[in-house]
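Notes to accompany the following structure.
These numbers come from the heavy atoms of this one structure, side chains and all, not from hydrogens, waters or symmetry mates.
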Amino acid sequence: IVMAAGSGFFERLRSFFSPPRLEDPDFGTLLQMFPNKPQTYWEAEWLFPPVGYRISIALDGDGRGPAEEARAFYLSRVAEFEAIIREARPQLERVANEWLGRSLAENLWDDVKLAGFDIEDGKATPVKWNVAFETTGKRWLGITVPMIGSSAQEALVDT
C-alpha cells in the first residue's frame with residue numbers, strides 16, 4: 001500500500017506517539033494531553049514570575065489551545081500570589097510540625113518550593129483548585145493545599 005503524503009495517516013500516527021505542542025505567549029510550550037478524547041487538556045511547565053522558576057500547570061481546553069477561563073485563572077495567580085501564600089501558610093505550618101517535627105522556617109522558601117497549581121472544577125462557584133509544594137530538605141514531601149475560592153482547606157501530604 002502506498003500512502004500519499006498528507007493523507008492524515010502519518011499525522012495521526014505521529015500524534016499518537018508525540019502529543020501536539022503549542023507555543024503560548026504566556027505559558028511557553030504547552031503539551032496537549034489526550035488529544036483524541038473529549039477530556040483533552042494542556043500541560044505546561046510555566047516560568048512563574050513570583051518565584052522565578054518553572055511550575056506545573058494543567059489548563060482545560062480543546063484542540064485549538066487552552067480555554068480563556070483557564071488562561072485567566074492561571075494568570076490571576078501572579079497578582080494573587082502573596083494572598084495565596086498567606087492563606088496556605090497555616091496548612092504548611094501544620095504539615096511541617098506533623099511530618100518534619102518542627103516549625104516551618106520563618107522564610108518558608110527555606111523549607112518548600114512551589115510545585116504548581118491545578119483547577120479541580122473551574123465551573124464551580126467558588127472555584128475549586130489546588131496549590132502544590134514540595135519540601136526542599138532531606139525529607140521529601142509533596143504538599144497539596146486544596147482551595148475553595150480563596151480559602152485554604154486541610155493540606156494533603158504525599159511521601
Side-chain angles (χ1 to χ4, degrees), residues 1-85 87-88 91-92 95 108-137 139-153 155-159:
I1 298 175
V2 175
M3 300 296 273
S7 68
F9 172 77
F10 290 109
E11 279 301 306
R12 287 192 307 275
L13 187 63
R14 185 181 64 77
S15 73
F16 179 77
F17 291 106
S18 176
R21 294 177 186 273
L22 177 69
E23 286 303 318
D24 185 89
D26 295 311
F27 304 117
T29 302
L30 299 174
L31 183 65
Q32 188 180 16
M33 306 308 293
F34 309 109
N36 301 318
K37 306 265 189 214
Q39 309 88 341
T40 191
Y41 65 95
W42 296 85
E43 287 186 348
E45 293 294 316
W46 178 26
L47 183 57
F48 188 61
V51 295
Y53 52 81
R54 296 192 179 282
I55 64 165
S56 297
I57 59 171
L59 301 99
D60 284 339
D62 58 23
R64 295 177 306 244
E68 283 307 311
E69 311 83 62
R71 173 181 300 287
F73 174 82
Y74 284 110
L75 292 174
S76 73
R77 302 304 86 186
V78 174
E80 296 177 21
F81 189 61
E82 285 185 33
I84 292 166
I85 295 304
E87 184 65 20
Q91 290 301 315
L92 295 172
V95 168
L108 76 106
W109 305 117
D110 290 342
D111 284 332
V112 298
K113 70 177 186 171
L114 182 67
F117 299 108
D118 68 76
I119 305 172
E120 278 186 36
D121 186 354
K123 294 180 180 25
T125 303
V127 174
K128 294 180 181 180
W129 58 286
N130 299 301
V131 56
F133 301 87
E134 294 180 357
T135 54
T136 57
R139 182 166 188 200
W140 181 87
L141 298 173
I143 306 164
T144 301
V145 180
M147 304 286 285
I148 298 177
S150 60
S151 298
Q153 308 303 300
L156 307 169
V157 178
D158 186 20
T159 56

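- Under the side chain to side chain donor-acceptor pair (under 3.5 Å) criterion, Thr29 pairs with Glu23, not counting sequence neighbours.
- No donor-acceptor pair closer than 3.5 Å links the side chain of Ser56 to the backbone N or O of Gly116.
- Less than 6.0 angstrom separates the ring centroid of Phe81 from the ring centroid of Phe48.
- Under the 4.5 Å side-chain criterion, counting only non-hydrogen atoms from C-beta, Leu59 is not in contact with Phe73.
- Remark: the backbone N or O of Gly149 is paired with a side-chain donor or acceptor of Trp129 at under 3.5 angstrom.
- Of the possible polar contacts, one joining the Gln91 side chain to the Ala155 backbone as a donor-acceptor pair under 3.5 Å is found.
- At least one side-chain heavy atom of Ile84 sits under 4.5 Å from a side-chain heavy atom of Arg77.
- With sequence neighbours left out, Gln153 forms a side chain to side chain donor-acceptor pair (under 3.5 Å) with no residue at all.
- Take Arg71 and apply the side chain to side chain donor-acceptor pair (under 3.5 Å) test, not counting sequence neighbours, and it matches Asp24, Asp26.
- Contact between Thr159 and Trp140 at its shortest, heavy atoms only, is C-CZ3, 3.8 Å.
- Smallest separation of non-hydrogen atoms from Asp62 and Trp42: O-NE1, 2.8 Å.
- Heavy atoms only, all atoms of each residue included: Met147 and Ala152 are closest at SD-CA, 3.5 Å.
- At a cut-off of 3.5 Å, with distance as the only test, a side-chain donor of Thr40 or Gln32 sits close to an acceptor on the other residue.
- Put simply, the side chain of Leu141 does not reach to within 4.5 Å of the side chain of Phe133, judged on heavy atoms.
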